[in-house]
Amino acid sequence: MNILETLPVTLDDVLEAQKLLDGIIARTPVESSRALGKMAGGDVYFKCENLQRAGSFKVRGAYVRMAKLSPEEKKRGVVAASAGNHAQGVAVAAKSLGIKARIYMPLGVALPKLAATRSHGAEVILHGHNVDEALAEAQRYSNETGTVFVHPFDNVDVVAGQGTLGLEILEQVPNVDTILMGVGGGGLLAGVAVAIKARAKELGREIRIIGVQAENAAAYPPSLAADALVPLKKVSTMADGIAVGRPGQLPFSIIRELVDDVVTVSEDSLARALIFLLERAKMVVEPAGAVGVAALMDGKIENPGTTVVVLSGGNIDPMLMLKVIQRGLSAAGRYMTVRMMLDDRPGSLATIARIIAENDANVTGLDHTRVGGSISMGDVSITVNLETKGHEHGEQVLSALRAEGFQPIVVH
């Protein structure tokens with residue numbers, strides 16, 4: 001029997017979801033990237049779900065789930081939990097369907113995501129210190145009141161709704177060989193895999209589906225290796241949209257059958273990818289939406305061919321953006337902080353400034369300290385923040401300082 005016909009979500013489910021979403025969501029554009037294509041060795045396209053309603057793909061699954069509720073269920077309302085994208089997707093879908101929505105968000109949720117969710121008309125309750133605690137409270141409230149719980153990924157209708165993204169990709173880039181996207185709980189990856197693999201079978205061709213996780217929040221590789229759900233003890237990543245410590249049971253059952261691989265990327269790689277998207281693609285993308293770009297830039301995908309990278313969301317907190325830009329520039333060798341000790345006498349600081357200027361680097365900040373546990377009498381500690389043109393240029397500046405007798409230590 002064809003494995004595609006035995007899965008909990010089928011192509012027919014995705015096609016039904018596509019009809020429900022007609023006129024509701026945006027058909028997001030596909031943009032080519034010559035710069036990334038040159039790095040990857042093939043044509044690369046971005047599927048820009050960062051431009052979707054509410055800023056991510058999440059509205060697809062949320063709307064399909066809620067549109068299929070009975071009149072009595074709609075009257076009871078819905079409840080959900082999220083740190084951002086799912087919350088906004090549920091809020092937008094609820095407003096479109098005239099359903100009352102209560103959404104639990106962690107206490108430390110980013111203010112822009114909190115404000116956006118409330119602006120769509122949802123009631124927001126702050127609870128717990130992470131998404132797991134908010135989810136538990138949302139589930140408790142659902143059990144107590146009969147309000148319908150809308151899970152972010154572990155639901156047939158949600159997975160089918162996310163799968164409509166795969167149908168669009170195949171229509172927009174019919175010659176695609178590889179599709180990359182981030183994976184947290186697995187709803188998007190599972191849905192797209194169902195749609196793409198079924199269509200590819202009809203066409204008699206192969207299309208690879210590859211998931212990408214942040215290495216500090218990668219529950220899928222060990223789970224796939226064990227063929228069972230393996231929860232993580234700790235999750236720590238800037239990619240909050242995929243910071244899920246335990247795969248969804250339903251998505252996992254699909255992903256283990258259909259997905260070709262799940263790879264991981266580092267935090268520094270994520271930061272570099274976000275800088276690349278800002279500078280070269282003019283795209284504002286959240287870290288979870290940039291993991292596929294990071295994987296290509298790191299050479300994690302062999303022989304990708306014609307590749308579509310899903311930019312799954314663009315809801316990034318400006319304060320996080322500020323930190324990520326600094327980290328990305330540092331990882332690319334374009335920003336560094338240098339500390340050194342020198343004699344506390346007139347002219348020492350001027351010498352350092354001259355060396356930096358002669359080597360065409362730019363000082364963005366300076367700290368001059370005479371006192372401290374490790375500073376001897378007659379010495380001064382200097383910390384300099386520098387803009388450079390890359391690792392080679394940074395090393396040139398350091399070498400010039402050493403040639404003048406200084407001993408610079410790179411802090412980051």
Side-chain angles (χ1 to χ4, degrees), residues 14 18 21 25-53 55-60 162-183 188-200 202-203 205-213 239 241-242 258-263 265 269-270 272-314 316:
V14 180
Q18 188 177 48
L21 289 169
I25 62 167
R27 182 184 174 88
T28 52
V30 165
E31 301 287 346
S32 64
S33 174
R34 285 179 293 179
L36 190 53
K38 189 174 181 180
M39 291 184 207
D43 294 332
V44 175
Y45 298 88
F46 298 139
K47 175 60 172 168
C48 304
E49 283 292 285
N50 57 315
L51 305 179
Q52 184 56 263
R53 289 189 65 185
S56 86
F57 71 94
K58 287 287 190 176
V59 67
R60 295 174 182 266
Q162 319 302 29
T164 60
L165 182 63
L167 297 179
E168 286 184 22
I169 289 173
L170 203 51
E171 291 165 4
Q172 292 168 306
V173 189
N175 63 327
V176 62
D177 296 308
T178 304
I179 301 175
L180 298 175
M181 72 204 76
V183 51
L188 176 65
L189 184 62
V192 171
V194 167
I196 292 293
K197 292 295 185 178
R199 284 296 198 213
E202 292 174 354
L203 297 169
R205 52 183 295 233
E206 289 290 326
I207 301 175
R208 288 195 299 167
I209 306 292
I210 298 176
V212 187
Q213 293 199 293
I242 55 173
L258 300 184
V259 171
D260 296 277
D261 198 7
V262 176
V263 300
V265 293
S269 294
L270 265 176
R272 284 194 296 268
L274 286 167
I275 296 292
F276 174 87
L277 286 164
L278 282 170
E279 289 188 331
R280 305 301 298 271
K282 318 307 176 194
M283 286 284 176
V284 175
V285 179
E286 63 188 275
V291 289
V293 174
L296 277 180
M297 291 177 70
D298 282 358
K300 293 288 183 78
I301 315 300
E302 294 184 8
N303 304 314
T306 298
T307 304
V308 173
V309 182
V310 179
L311 306 182
S312 56
I316 184 169

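Quick note: numbers below take in every heavy atom, side chains included, and nothing from hydrogens, waters or symmetry partners.
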Min side-chain heavy-atom separation Val265-Val212 under 4.5 Å: yes
Could you state the interatomic distance from NZ (Lys38) to OG (Ser33), rounded to the nearest 0.5 Å? 12.0 Å
Any donor-acceptor N/O pair, Gln213 side chain to Val183 backbone, under 3.5 Å: yes
Working to the nearest 0.5 Å, report the span between CE of Met181 and OG of Ser312. 9.5 Å
Phe46: which of Thr28, Val293, Val308, Val310 passes side-chain contact (heavy atoms from CB on, under 4.5 Å): Val293
A side-chain contact here means heavy atoms from C-beta on lying under 4.5 Å apart; do Lys197 and Ile207 qualify? no
Between Gln18 and Leu167, does a side chain to side chain contact (heavy atoms under 4.5 Å, CB included) hold up when you go through it step by step? CA-CA 9 Å; Gln18 188 177 48; Leu167 297 179; 3.6 Å; yes
Within a strict 4.5 Å, meaning less than it, do heavy atoms of the Ile275 and Glu279 side chains meet? yes
Heavy-atom pair of closest approach, residues Gln52 and Ile25: OE1-CB, 3.6 Å
Can you check whether Leu36 reaches Met297 side chain to side chain, under 4.5 Å on heavy atoms? yes
If you define the side chain from C-beta out and look only at heavy atoms, does anything of Ile196 sit under 4.5 Å from Leu170? yes
Testing the basics here: between Pro287 and Leu274, what is the closest heavy-atom pair and its distance to 0.1 Å? CG-CD1, 3.8 Å
Take Glu31 and Lys47 through the salt bridge (Lys or Arg N to Asp or Glu O under 4.0 Å) test and state the conclusion after the steps. CA-CA 7 Å; Glu31 301 287 346; Lys47 175 60 172 168; over 6 Å; no
Are more than 12 heavy atoms, taken from residues, nucleotides or ligands other than Asn303, located less than 6.0 Å from that residue's CG atom? no
So Val173 and Thr306, do their side chains get closer than 4.5 Å, heavy atoms only? yes
Residue Glu202 excluded, over 12 heavy atoms near CD under 6.0 Å: yes
Just how far is it from atom CG of Leu21 to atom CZ of Arg60, taken to the nearest 0.5 Å? 7.0 Å
Looking at Glu171, I'd like to know if its CD atom is crowded, meaning that more than 12 non-hydrogen atoms belonging to other residues, nucleotides or ligands lie closer than 6.0 Å. yes
Go through it in stages, so that I can follow the logic: the residues are Ile316 and Val285, the test is side chain to side chain contact (heavy atoms under 4.5 Å, CB included), and I'd like the CA-CA distance, side-chain angles, deciding distance and then a yes or no. CA-CA 7 Å; Ile316 184 169; Val285 179; over 6 Å; no
Is atom CZ of Arg280 surrounded by more than 12 heavy atoms (other residues, nucleotides or ligands) closer than 6.0 Å? no
Might you point out which heavy atoms bring Arg53 and Val59 nearest each other, and give the distance in Å? O-CG1, 3.8 Å
Kindly say whether Ile209 contributes a backbone atom to a donor-acceptor pair with the side chain of Asp260 at under 3.5 angstrom? yes
Specify the closest pair of heavy atoms between Gly182 and Leu188, including all atoms of both residues, with the distance to one decimal. O-CD2, 4.4 Å
For residues Arg208 and Pro304, report the shortest heavy-atom separation together with the two atoms involved. NH2-CA, 3.5 Å
OG1/Thr164 to CD1/Ile169 distance, rounded to the nearest 0.5 angstrom? 10.0 Å
Within this structure, what is the CG-SG distance for the pair Leu277 and Cys48, rounded to the nearest 0.5 Å? 9.5 Å
Polar side-chain atom of Asp261 near backbone of Ile210 as donor-acceptor pair, under 3.5 Å: no
Output all residues satisfying salt bridge (Lys or Arg N to Asp or Glu O under 4.0 Å) with Asp43, sequence neighbours left out; order by chain, then residue number. none
Treating Asp177 as the side-chain partner and Thr307 as the backbone partner, does any N or O pair qualify as donor plus acceptor under 3.5 Å? no
Is there a side-chain contact between Met39 and Leu296 (heavy atoms, below 4.5 Å)? no
Provide the closest heavy-atom pair for Val192 versus Gln162 in the form atom of the first, atom of the second, distance. CG2-O, 4.0 Å
